[in-house]
Amino acid sequence: MEGVGGGRVYPFLVGEVKTASRRGLVACSAMSDAGPQPSTPAPGGPSFRYNATLAGEIEARWQDRWDVEGTFYTPNPTGPLSEGFDAVAGAKKLFVMDMFPYPSGAGLHVGHPLGFIATDVFARFKRMTGHNVLHTMGFDAYGLPAEQHAVATGQHPRINTENNVATYRRQLRRLGLGHDPRRAVSTTDGDFLEFTQRIFLRIFNAWFDPEATNPLGGPGAARHIDRLIASFAEGTRPTPDGRPWSSLTEREQRTLVDSHRLVYLAEVPVNWCPGLGTIVANEEVTADGRSDRGNFPVFKRNMTQWLMRITAYAERLIDDLDLVDWPEPVRLMQRNWIGRSLGARVSFASTAGDIDVFTTRPDTLFGATFMVLAPEHGMVSALTTDSWPTGTDPRWTNGHDTPASAIGAYQSAAASKSDVDRQVETKTKTGVFTGSFAVNPVNGRDVPIFIADYVLTGYGTGAIMAVPSGDQRDFEFARQFGLPIQATIRPPDAWFAEHQSEPSLDCATWPMAYVGDGPAVNGTNDSLSLDGRGKAEAIAAMNAWLEANGRGHGSVQTKLRDWLFSRQRYWGEPFPIVHDEIGPIALPESMLPVDLPDTDQFAPRSFDPEDAQSEPERPLDRLVDWKNATLDLGNGKGMCTYLRETNVMPQWAGSCTYYLRYIDPTLVEAITTPENERYWMGERGVDLYVGGVEHAVLHLLYSRFWHKVLFDLGIVGTPEPFARLFNQGYIQAYAYTDPRGMYVEASEVEERNGEFFHHGERVNREYGKIGKSLKNMVSPDEICEAYGADTLRLHEMSMGPLEQSKPWDTRAVSGAHRLLQRIWRVVVDEDSGTTRVTDSSPTNEDLVVLHRTIHAVTAAMDDLRVNTPIARITELTNHLTSTYPNGAPRGLAEPLVLLVAPYAPHLAEELWSRLGNRQSLIRSPFPVANPAYLVADTVDVPVQVNGKVRSVLTVATGLDGPSLEALARADEKVASHLMDKTVRKAVVIPGKLVNFVVS
RNA sequence: GCGGGUGUGGCGAAAUUGGCAGACGCGCCAGGUUUAGGUCCUGGUGUCGAAAGACGUGCAGGUUCGAUUCCUGUCACCCGCACCA
């Protein structure tokens, strides 16, 4: 596709470059500097034409009025925001949300508001159809860019953030979005911080009890940690070593309890970058294992981090996807991310103890001829022998004299490799022998134990049983290292034929591993025989055997890992946690919020870039007075000295439950007011959540997880936070690179004969996201300046289906502007400025057009098909302006104004007021289509001969088939095509079509 | 490699879901208004063809009276994940 070639391109126009001295040149490079030209009329033009100046004046006036009158204040059932609720108590509630933005320093570009405008159009339509609509906008204002800006400039991130938020608020207000400003929260607000920390504490003070029944009736639920402690104290739950709870030391008790919490400390593999002093994400690590920023080495190593036990909810996070109305691709992505697979755990005995593996194919255990551990696996050092066993294959040693040296070298090589590098698919597998063997439990054979980086520490147990005949990676590894390959399944002859080889059970002749189904072979020991059985049956039999012999059991494995929740940064929510000499202690909620302490040193401490063993020092570590806190935690110990937790929360924390904050933005000392929460969340949660698909997994999974914990704890009443999700597409734009590959300012590029030039230099055109980095930024401000916010809104909605990505083209905006000009002229005489609607009655034809438009607009709204209604409104407008060039009947003008109101609210308010209405039209009833006008008297029926349209008949609606066929045969054009031919079949669908099949 | 998505005029797109392909808009062309350019208004505009007509929804097949729509294969592009056992 991408057939945008050869054409004209935003933001330049094709054609010769005219002199810049003339005014209003659009087709010239002058617009590059000035942006789109305002549609200001030349002196002498109509004084009351709808143009940028008039639109700007109207928009500012109505925005002020909406603010003053609190037009978009949405009442709660109870509490401080409940004024006016009685008036809407009978209405249906509707909670419409956008994914709130991170306020970046660059401000909004025209792509950002696409979803915001769509939800606003939807919300306004719903208000006009009698709903009590909650719609507002918040800011996800903690985050790395603000911190990096602070590091670079020395300016506190709060200042930078507040400036950015102010810019966003101004830009969003200019768009006329109908948000309740009282609810427009920022995650960095003191109250919001307290809210986030309070939820954290509830999660911290909870554990997942697999025995409990959750509110949906299923197994497993979060419970307050006190109930765990009580069950230990009562003896209903045994301690790990069986001693009574009361005889455990405080340290033992706390360690035991902490190990059950939903938030816990653990050693996890991370990308440690000493040069930056922080842990970096995979995507921040370059292919050669260095940091994106600064180009420092990055080391993979284990480090103690805070984790959230999201894996406890894996089953429910998959199952409850059935409860939500979400795009299927997103649900699929979540299922794949969680990655539930059925299989078995199997224990292999070794000199260092049992090695547990997870396998999805326990039926192939007889073919497990070696084992592979991830290089980081905890048992590697215990398995590494002092010397190579006699007769060790030289390929297994990597040329080292001792296993220790070979293993050490391999481990450090793997650690210095980035994940990206490690995951590059290569033909040659690498690995090294540990010197140890394990026992295959099912046949008693000794199998050598290797380490190799194709086994990942993060999935399963970090160790695998290798079945080279049934797994391609194991197969390649076995070939590489000369390991035995034994068939466990007889592949069908067709498989051999497909790979040009002879059927055989001797795997030496196999071209590759066989991963399909088939009868088991070589699968017999003293107490088990799988031979001849199919996959499912063999798995069941093997799982039963493992269980009976204490060597394993059937098991479910997920790819999902627990959520790494700590960041070694400054600009984030501090943990409401302190530490004593034993471990972490939660602060009581009465001590919230724990404010972020002030400092002017925002960067974490950096280290010698090569010092892999250095430990991170966080910005908050430096604030010694803050870190050392003497507090009375109310636990009976009185004033004690503690160390505050100095990690901060990840940016996701603030976005997990912000919808609850929208509901009760002023609430303190509680998470929700139950009556408000039940009202707005209803049975199924937020009614509509609109945002980009880039959040399909992480944000939406974390948010669902927190919500489910709160659900189990009785704080919220719905199992899922978001009933309906809609992914809007991206608006993209062209970008240009010079011969060195550097981006050049897109607004300075000219097109000549299909080629592109920047200051005379030939440049290359690319297509991508709008933004500073591609130097193709277009801000909504400049479009508002040139045309007005209503035009921008209308244009963005008309660009195409909301869910589709599409390119920005500033020139195309004028179409929306012209439509608004025509709508304006329907009501207002642009010379005199007077209202010019008439009291004459609309004709029947007028009403047919009107009511079809109403029907089309109404029918499209619920599905957020926001683009096609504009085409129908355009048709109605064009009908009115051509039929009534001097003013349309009021009975047509008024509904037209109401129809366009969700899209162009300022213009609609202005016209509505000029039509004599005192009240804002925000809650005026949306026009309702009269079915009588939707059915026409006559209908056009195409007549085909052999599937080709030869004529179109206009016939009475409801004309029966035989009459229709007779009319069609009688039609001159049709008859000429039927001449000399035999009609073999006539397909007649009354009201639709006639098709004659002839030969 | 796996998973998901998208391919329709010069461009953004529409097609009531199997029934007139290209609504509506941008751009372009012509005309009008205007001192002039722009704005604004009117008309035209899928391709080939003088016309009749033929062709046309990435490509190749199939099902059907009839396919942008359903099926099979294939190509291109985009997004996500990736040695996941």
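Just so you know, these numbers come straight off a predicted model, no measurement behind them. Each chain gets a letter, A, B and so on, in the order the sequences are listed, and its residues count up from 1.
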Enquirer: Taking the same atom, C1', in A67(B) and in U8(B), what whole-Å distance lies between them?
Expert: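 After rounding to an integer number of Å, I get 14 Å for this pair.
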Enquirer: Restricting to salt bridge (charged side-chain N to carboxylate O under 4.0 Å, His left out), what partner residues turn up for Arg852(A), sequence neighbours left out?
Expert: none
Enquirer: Which value, in whole Å, describes the distance between the C1' atoms of nucleotides C78(B) and U72(B)?
Expert: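 Taking atom C1' in both C78(B) and U72(B), they lie 24 Å apart.
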Enquirer: Does Phe477(A) have its ring centroid less than 6.0 Å away from the ring centroid of Phe370(A)?
Expert: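 Centroid distance Phe477(A)-Phe370(A): below 6.0 Å, so yes.
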Enquirer: If we take the P atom in both G22(B) and A76(B), what is their distance in whole Å?
Expert: 32 Å
Enquirer: Considering only C55(B), G19(B), G25(B), which nucleotide approaches the side chain of Thr874(A) most closely?
Expert: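 Selected nucleotide: G25(B).
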Enquirer: With no hydrogens and no angle check, do the side chains of Tyr454(A) and Asp474(A) hold a donor and an acceptor under 3.5 Å apart?
Expert: yes
Enquirer: For G25(B), take OP1 and OP2 only and decide whether either is under 4.0 Å from a side-chain N or O of Arg811(A).
Expert: no
Enquirer: Could I get the full list of salt bridge (charged side-chain N to carboxylate O under 4.0 Å, His left out) partners for Arg331(A), not counting sequence neighbours?
Expert: Glu328(A)
Enquirer: Please check the phosphate of G25(B) (OP1 and OP2 only) for any side-chain N or O of Asn878(A) closer than 4.0 Å.
Expert: yes
Enquirer: Among residues at least two apart in sequence or on other chains, which ones pass side-chain contact (heavy atoms from CB on, under 4.5 Å) with Val828(A)?
Expert: Trp824(A), Leu911(A), Arg914(A)
Enquirer: Are side-chain N/O atoms of Ser347(A) and Asp356(A) paired as donor and acceptor at under 3.5 Å?
Expert: yes
Enquirer: Nearest to the side chain of Pro807(A) - G12(B), A15(B), C81(B)?
Expert: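 For Pro807(A), the side-chain atoms sit closest to G12(B).
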Enquirer: Check nucleotides 64-67 of chain B against the protein and report each pair of N or O atoms closer than 3.5 Å, with its distance, or say if there are none.
Expert:
{"residue": "C65(B)", "atom": "O2'", "partner": "Asn995(A)", "partner atom": "ND2", "Å": "3.3"}
{"residue": "C65(B)", "atom": "O2", "partner": "Asn995(A)", "partner atom": "ND2", "Å": "2.7"}

Enquirer: Can you list everything that forms a side-chain contact (heavy atoms from CB on, under 4.5 Å) with Lys806(A)? Sequence neighbours excluded, please.
Expert: Leu114(A), Met799(A)
Enquirer: Need one value for Ser798(A): base, sugar-phosphate or nothing, where a base atom within 4.0 Å counts as base even if backbone is also close, heavy atoms only.
Expert: nothing
Enquirer: Hey, which of these two, Ala871(A) or Arg865(A), hits RNA chain B nearer its 5' end, going by closest nucleotide?
Expert: Arg865(A)
Enquirer: Does any N or O donor sit under 3.5 Å from an N or O acceptor when you compare the side chain of Arg361(A) with the base of A85(B)?
Expert: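 Such a pair does not exist between side chain and base.
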Enquirer: Checking understanding here: a glycosidic angle within 90° of 0 is syn, the rest anti, so what is U17(B)?
Expert: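 U17(B): syn.
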Enquirer: Please identify each residue that fulfils salt bridge (charged side-chain N to carboxylate O under 4.0 Å, His left out) with Arg865(A), with sequence neighbours left out.
Expert: Asp863(A)
Enquirer: Rounded to the Å, how far apart are Met799(A) CE and G12(B) P?
Expert: 10 Å
Enquirer: Please tell me which of Ser814(A) and Gln732(A) maps to the more 5' nucleotide of RNA chain B, matching each residue to the nucleotide holding its nearest heavy atom.
Expert: Ser814(A)
Enquirer: Separation of Asp831(A) atom CG from U33(B) atom P, in whole Å?
Expert: 16 Å
Enquirer: When the C1' atoms of C40(B) and A21(B) are compared, how many Å lie between them, rounded to an integer?
Expert: 33 Å
Enquirer: Quick check for you: among A13(B), A21(B), G25(B), whose closest atom lies nearest to any side-chain atom of Val949(A)?
Expert: A21(B)
Enquirer: His817(A) NE2 to C24(B) C1': how many Å, rounded?
Expert: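 Nearest whole value for this atom pair: 18 Å.
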Enquirer: Could you tell me whether G12(B) is syn or anti, where syn means a glycosidic angle within 90 degrees of zero?
Expert: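 This nucleotide is in anti.
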Enquirer: Looking across every strand, which nucleic acid part, if any, lies under 4.0 Å from Ser341(A) by heavy atom: base, sugar-phosphate, or nothing?
Expert: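 Here Ser341(A) touches no strand at all.
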Enquirer: Please state how far atom CD in Gln821(A) lies from atom P in U33(B), giving the value in whole angstrom units.
Expert: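 These atoms are roughly 20 Å apart.
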Enquirer: The side chain of Arg473(A) lies closest to which of these nucleotides: A15(B), C84(B), C40(B)?
Expert: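 Of A15(B), C84(B), C40(B), C84(B) is nearest to the side chain of Arg473(A).
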Enquirer: Can you check whether Arg818(A) has a side-chain N or O nearer than 4.0 Å to OP1 or OP2 of C26(B)?
Expert: yes
Enquirer: Evaluate the side-chain proximity of Phe475(A) to Val467(A): yes if any heavy-atom separation is below 4.5 Å, no if none is.
Expert: no
Enquirer: List in chain and number order the residues that pass side-chain contact (heavy atoms from CB on, under 4.5 Å) with Ala463(A), two or more places apart in sequence or in another chain; answer none if no residue qualifies.
Expert: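 Once residues adjacent in sequence are excluded, the partners of Ala463(A) under the side-chain contact (heavy atoms from CB on, under 4.5 Å) criterion are Ile355(A), Val357(A), Leu373(A), His377(A), Thr461(A).
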Enquirer: Arg836(A): what forms a salt bridge (charged side-chain N to carboxylate O under 4.0 Å, His left out) with it, not counting sequence neighbours?
Expert: none
Enquirer: Whole angstroms only, please: what is the CZ-P distance between Arg872(A) and G25(B)?
Expert: 10 Å
Enquirer: Hey, is Glu875(A) close enough to Arg872(A) for a salt bridge, meaning N to O under 4.0 Å?
Expert: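 Yes, charged N to carboxylate O under 4.0 Å.
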Enquirer: Using the P atom as the point on both nucleotides, what is the distance between G32(B) and G38(B), in whole Å?
Expert: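 Taking atom P in both G38(B) and G32(B), they lie 13 Å apart.
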Enquirer: Would you write out the dot-bracket form of RNA chain B, 5' to 3', with Watson-Crick and G-U pairs under 3.5 Å, [ ] for crossing pairs, | for pairs to other strands and . for unpaired bases?
Expert: (((((((..(((......[....)))((((((.......))))))(((....)))..(((((..]....))))))))))))....
Enquirer: Can you check the Glu803(A) CD to C78(B) C1' distance for me, whole Å?
Expert: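 Answer to the nearest Å: 15 Å.
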Enquirer: Can a side chain N or O of Asn867(A) be found less than 4.0 Å away from OP1 or OP2 on A14(B)?
Expert: yes
Enquirer: Taking atom P in both U35(B) and G25(B), compute the distance separating them and give it to the nearest angstrom.
Expert: 29 Å
Enquirer: Heavy atoms under 4.0 Å, any strand shown: does Arg950(A) hit a base, just sugar-phosphate, or nothing?
Expert: sugar-phosphate
Enquirer: Do Tyr50(A) and His817(A) make the cut of ring centroids closer than 6.0 angstrom?
Expert: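 Yes, ring centres under 6.0 Å apart.
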Enquirer: Taking atom C1' in both G12(B) and U34(B), compute the distance separating them and give it to the nearest angstrom.
Expert: 32 Å
Enquirer: Without decimals, in angstroms, what is the distance between Glu796(A) CD and G12(B) C1'?
Expert: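 Checked: the CD to C1' distance equals 13 Å.
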Enquirer: C20(B), A15(B), G3(B): which one has an atom nearest the side-chain heavy atoms of Val952(A)?
Expert: C20(B)
Enquirer: Is the phosphate of C41(B), meaning OP1 or OP2, less than 4.0 Å from a side-chain N or O of Arg822(A)?
Expert: yes
Enquirer: Side chain of Pro801(A), heavy atoms from C-beta onward: which of A85(B), A13(B), C20(B) has the nearest atom to it?
Expert: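 Selected nucleotide (nearest to the side chain): A13(B).
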Enquirer: Given atom CD of Glu328(A) and atom P of G5(B), what is their separation to the nearest angstrom?
Expert: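 Distance check: Glu328(A) CD to G5(B) P gives 9 Å.
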Enquirer: Side chain of Pro329(A) only, please: which of G12(B), C83(B), G5(B) is the nearest?
Expert: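 Output: G5(B).
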Enquirer: Rounding to an integer number of angstrom, what distance separates C55(B) and G18(B) when you compare their C1' atoms?
Expert: 22 Å
